[in-house]
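Note that the coordinates shown come from a computational prediction; the quantities given were computed from them, not determined experimentally. Every chain is numbered from 1, with letters handed out A, B, ... down the list of sequences.
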Amino acid sequence: EDQVTQSPEALRLQEGESSSLNCSYTVSGLRGLFWYRQDPGKGPEFLFTLYSAGEEKEKERLKATLTKKESFLHITAPKPEDSATYLCAVQEVGGSTLGRLYFGRGTQLTVWP
Amino acid sequence: SQTIHQWPATLVQPVGSPLSLECTVEGTSNPNLYWYRQAAGRGLQLLFYSVGIGQISSEVPQNLSASRPQDRQFILSSKKLLLSDSGFYLCAWSVLNGGQPQHFGDGTRLSIL
């Protein structure tokens, strides 16, 4: 069973059309939830960390929010340069220094002019 | 600031040939290091991780091995490549404490012929 599920798998938006990406998780205790952006042929680029329900983080047109079972990445007035795959990952509470992350399969966002 | 380097960026190898992919991190000491493989539509699969020199843990039994000869160097190897080893290989690092994000290199696209 996947610990992290992202939806939708793909999303096409017109420039300026705001929307949200969803990340739901099933780990028993959340140490942290992480959002990444990945451009084609590149490694994931870290965007945000969220630690507790109710927390929000913002960066330019992106805002990430967290509840007890899911996170949303809100994209306000997107531009074509926001086109990328957005990955969500969670880290479980467990006392390990490993810092293992469980990744979702991503949402491929395309913003057209 | 910390940086992570992976090379080569692309590699085409015949079946049965050996493999060595290298990853180095700069600007931090004693990081956790990780090797992932990313297949289209399947997300990131953790292959190996290391919490220190010479300490390697394998997540998935396979045709690959990893080594950490120096604090900030992580090597992915194979003695004989299989067709199924094709993919996008990513190296990442994080600080030792939990709750921190992993930071990725730009990956190696490996094609087996």
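- Between chain A and the options B:Q6, B:Q38, B:R109, B:H103, the largest number of non-hydrogen pairs under 4.5 Å is found for B:Q38.
- Interface residue A:Y51: only side-chain heavy atoms are found under 4.5 Å from chain B.
- A salt bridge is absent between A:E92 and A:R100; no separation between the charged side-chain nitrogens and carboxylate oxygens falls under 4.0 Å.
- In summary, the aromatic rings of B:Y36 and A:F103 are positioned with their centroids under 6.0 Å apart.
- More than 12 heavy atoms of other shown residues, nucleotides or ligands fall within 6.0 angstrom of atom NZ in A:K57.
- In terms of heavy-atom pairs under 4.5 angstrom with chain A, the leader among B:L44, B:T10, B:I4 is B:L44.
- Residue contact with chain B, scored on non-hydrogen atoms closer than 4.5 Å, involves the side chain of A:Q38 exclusively.
- For chain B, no part of A:Y102 is nearby; none of its heavy atoms comes within less than 4.5 Å.
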Practice task
Using the side chain to side chain contact (heavy atoms under 4.5 Å, CB included) rule, take B:R68 and B:I56 through it: C-alpha gap first, then chi angles, then the decisive distance, then the call.
Solution key: CA-CA 7 Å; B:R68 185 172 177 173; B:I56 308 295; 3.9 Å; yes
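- Of the atoms belonging to A:L30, not a single heavy atom falls under 4.5 Å from chain B.
- The two residues B:L11 and B:T108 come nearest to each other via the heavy atoms CB-CG2, 4.4 Å.
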